[in-house]
2 protein chains.
Amino acid sequence: MLPSKLKVGVIGAGQLGKMLAEAGSPWNIEFHFLDVNEAPAQRLAYSYVQGGLKEAKAIRELASRCDVLTYEIESIDVNTLLELEKEDKEIIPSPKVLSIINDKGLQNNFLKFHNIPIPAFYLAKDISENITVLKSFKGENVVIKSCKGGYDGKGVEIVSKEKAISGYNPFGTDNTLYEECITDMQEVSIIVAVDKKGNYVTYPSVAMEFDPKINLVSFIYSPGGFESALENKMKEIATKAVKAFQSPGLFAVELFVHASGKVLVNEIAPRAHNSGHHTIEGAYTSQYEQWNRILLGMPLGNTDFICPAAMINLIGPENGSGAYELLGLENILQIEGVYVHLYGKKESRPGRKLGHITILADTKEALFKKAEKVRKEAVIRVL
Amino acid sequence: MLPSKLKVGVIGAGQLGKMLAEAGSPWNIEFHFLDVNEAPAQRLAYSYVQGGLKEAKAIRELASRCDVLTYEIESIDVNTLLELEKEDKEIIPSPKVLSIINDKGLQNNFLKFHNIPIPAFYLAKDISENITVLKSFKGENVVIKSCKGGYDGKGVEIVSKEKAISGYNPFGTDNTLYEECITDMQEVSIIVAVDKKGNYVTYPSVAMEFDPKINLVSFIYSPGGFESALENKMKEIATKAVKAFQSPGLFAVELFVHASGKVLVNEIAPRAHNSGHHTIEGAYTSQYEQWNRILLGMPLGNTDFICPAAMINLIGPENGSGAYELLGLENILQIEGVYVHLYGKKESRPGRKLGHITILADTKEALFKKAEKVRKEAVIRVL
């Protein structure tokens with residue numbers, strides 16, 4: 001079918017896969033998904049392989065059904081993908097990217113090698129005999145990260161320098177990374193898209209508004225409102241980091257940014273990202289359409305925002321698990337320029353991403369006001 | 001599933017059904033479709049009833065699977081729907097609307113009764129003994145319409161007054177409507193949405209740009225650029241016409257408009273409409289999300305356009321039928337603010353609607369320039 005006869009295989013069928021398939025529906029792209037159980041993207045799949053994301057047989061079965069493979073989650077069987085790539089299967093981004101990104105120690109060393117500014121760090125195994133070097137880090141605390149397998153805040157601890165120097169490495173000497181704890185910089189995300197020919201485009205910065213009461217990201221918005229010199233510097237560093245991987249794909253680069261002009265790369269995700277959901281309604285080309293364009297070998301689309309846009313996550317509350325409902329929906333839909341996305345997950349769990357709401361407005365002030373209103377109305381209630 | 005447990009049944013699974021389901025995917029709306037064969041919306045259906053659109057058994061089967069019924073095509077079995085409505089099945093719009101709209105003679109008489117301005121008309125059966133009354137029509141020609149079964153330009157002929165007065169009624173005396181032939185007015189469409197409580201909203205006018213070389217609608221655009229007094233008059237007349245039907249639903253009102261302020265209603269479609277496709281990217285609330293909101297009993301959304309938007313149909317060429325491809329896609333996707341929709345129909349036929357392209361721009365001038373460029377690039381080639 002048009003516009004391309006390429007069949008797309010996606011490892012993982014979560015909300016990112018669902019939104020990829022929604023963006024591909026107007027083009028009738030044939031998607032095949034792999035996931036362990038029922039998952040959000042399943043309803044939109046031409047076919048579905050039920051199997052483990054680290055199961056070689058399942059990944060090979062998916063590969064046999066499609067012309068180009070991609071993934072919406074990092075925690076998958078990279079070795080099988082490396083084998084498939086050697087067998088000339090097209091995989092975007094290249095699994096070589098994953099084999100670096102899936103080990104935070106490797107990722108940091110890779111970025112350092114390519115002269116990308118990152119926070120000061122040490123691997124536990126490198127300094128186990130002289131752990132006191134951690135004293136050189138700024139601040140009172142140290143971030144301890146599991147090199148492998150961390151996800152959505154898991155595998156990360158912030159501890160006092162003292163505790164770290166005492167030799168505390170919760171993830172094991174071979175798997176622990178110590179990083180300087182950045183406290184005086186803003187978290188910003190830049191999405192970079194690279195096509196098969198090596199052309200690239202960057203989305204405007206995504207800034208995060210924190211709720212001081214609960215110390216959580218309250219909502220994100222674009223454009224971030226930075227001075228153009230700083231915005232350009234962020235884009236330049238994000239692009240340089242992504243280019244180092246020498247692979248097509250959609251990449252979200254998380255940055256630490258200081259108004260003084262200092263920019264550090266925190267982490268890179270080789271896929272569409274939570275910080276880009278509001279591109280669906282806010283940008284000329286959503287991150288999901290962009291991802292489809294890359295997979296099909298089509299030209300990259302315009303990344304500009306049509307108007308200021310914000311996004312609020314709908315997260316499973318701490319006080320229970322199971323069936324749930326979204327309260328306030330009718331009130332939310334009465335607000336103009338508000339878009340509700342639900343991922344169709346049957347059960348809520350504490351911290352589980354169940355959906356998000358995009359908000360459009362003419363000005364940043366109006367955007368913040370509306371976002372605050374939506375945040376108050378949108379309540380997930382476990383039944 | 002959220003936001004509503006209402007299951008939606010749709011009679012007809014063409015492109016309108018497909019785009020309704022695409023708009024409903026972020027809400028996980030459970031759609032069940034009925035159509036004769038494979039059809040564009042089928043891929044997005046929770047279940048699919050394969051059967052005739054005028055087959056009572058098939059319609060009752062669909063009804064049994066859902067809580068609320070709607071239709072994306074008029075040419076269906078209205079009697080079964082009237083029975084189902086009596087049995088308390090929720091059907092939007094009410095099938096009573098269809099029983100009027102499906103007979104152009106009834107529709108004209110209904111609109112006339114409600115003091116809606118329409119072109120002068122006579123039913124053949126009413127004037128068969130004094131056909132010379134057609135002399136009173138302005139102009140040299142007369143429009144002859146089949147009261148029943150006309151669709152997409154079929155069932156309509158324009159003939160000389162002389163020929164009509166000679167008694168020419170190609171659709172039979174009982175089924176022929178003579179209408180004044182309007183030549184000096186612009187064709188405009190206004191979409192009106194009515195919720196279950198009787199609240200309504202109107203979309204900005206949709207104007208049509210004609211290509212003088214081929215005498216066909218080249219593209220449509222919004223806002224139509226009329227003076228606000230005329231725009232308001234169009235909205236007022238369209239709303240009055242729709243309100244006369246006393247039913248929730250999404251309605252497209254086709255108008256004839258003259259710069260002097262004269263406005264006539266041409267026809268009404270009780271569903272999403274080709275003239276509203278560009279609301280998907282151009283308006284805050286697309287006609288398809290609006291339709292979903294109505295079906296689920298949610299508040300109506302903002303109908304304003306975010307920026308000027310145009311739409312070009314991708315139509316099967318006259319010179320053949322069968323498998324086809326869209327040429328120029330790569331060039332089209334290099335233009336900023338362009339959105340390609342393909343309906344996934346396997347075969348082209350002359351005049352068949354195979355897809356459309358939406359174009360966004362900051363100004364009307366830029367919009368026209370881009371639309372012209374897209375129109376030249378987008379070529380359907382039968383293989």
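First the proteins, then the strands, lettered A, B, ... as listed; each starts at 1. Predicted model, so just to flag it, every value in this text is computed and none were measured.
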Report task. Using only heavy-atom distances, determine whether the side chains of A:T285 and A:Q290 contain a donor-acceptor pair under 3.5 Å. Result -> no

Query raised in the report: Quick one: are B:K7 and B:Y46 in side-chain contact, heavy atoms under 4.5 Å?
Result: no

**Report entry** Per-residue contact mode, A:E289 against chain B (heavy atom under 4.5 angstrom)
**Finding:** side chain

Requested in this report: Check whether A:L360 gets within reach of chain B through its side chain, its backbone, both or neither, counting any heavy atom under 4.5 Å.
Outcome: side chain

Query raised in the report: Does any heavy atom of chain A fall under 4.5 Å from the side chain of B:I306, the backbone, both, or neither of them?
Result: side chain

Considering only distance and modelled atom types, tabulate donor-acceptor pairs under 3.5 Å from the side chains of residues 327-339 of chain A, sequence neighbours left out.
from	atom 1	to	atom 2	distance (Å)
A:N331	ND2	A:E377	OE1	3.2
A:E336	OE1	B:N302	ND2	3.2
A:Y339	OH	B:Y284	O	2.5

Query raised in the report: B:A45 versus chain A, heavy atoms under 4.5 Å apart: side chain, backbone, both or neither?
Result: backbone

Query - Aromatic centroids of A:F305 and A:Y203 separated by under 6.0 Å - result: no

Query raised in the report: Does some side-chain heavy atom of B:I315 sit less than 4.5 Å from a side-chain heavy atom of B:I380?
Result: no

**Report entry** Contact leader toward chain B among A:G355, A:G297, A:A21, A:S25, where contacts are heavy-atom pairs under 4.5 Å
**Finding:** A:S25

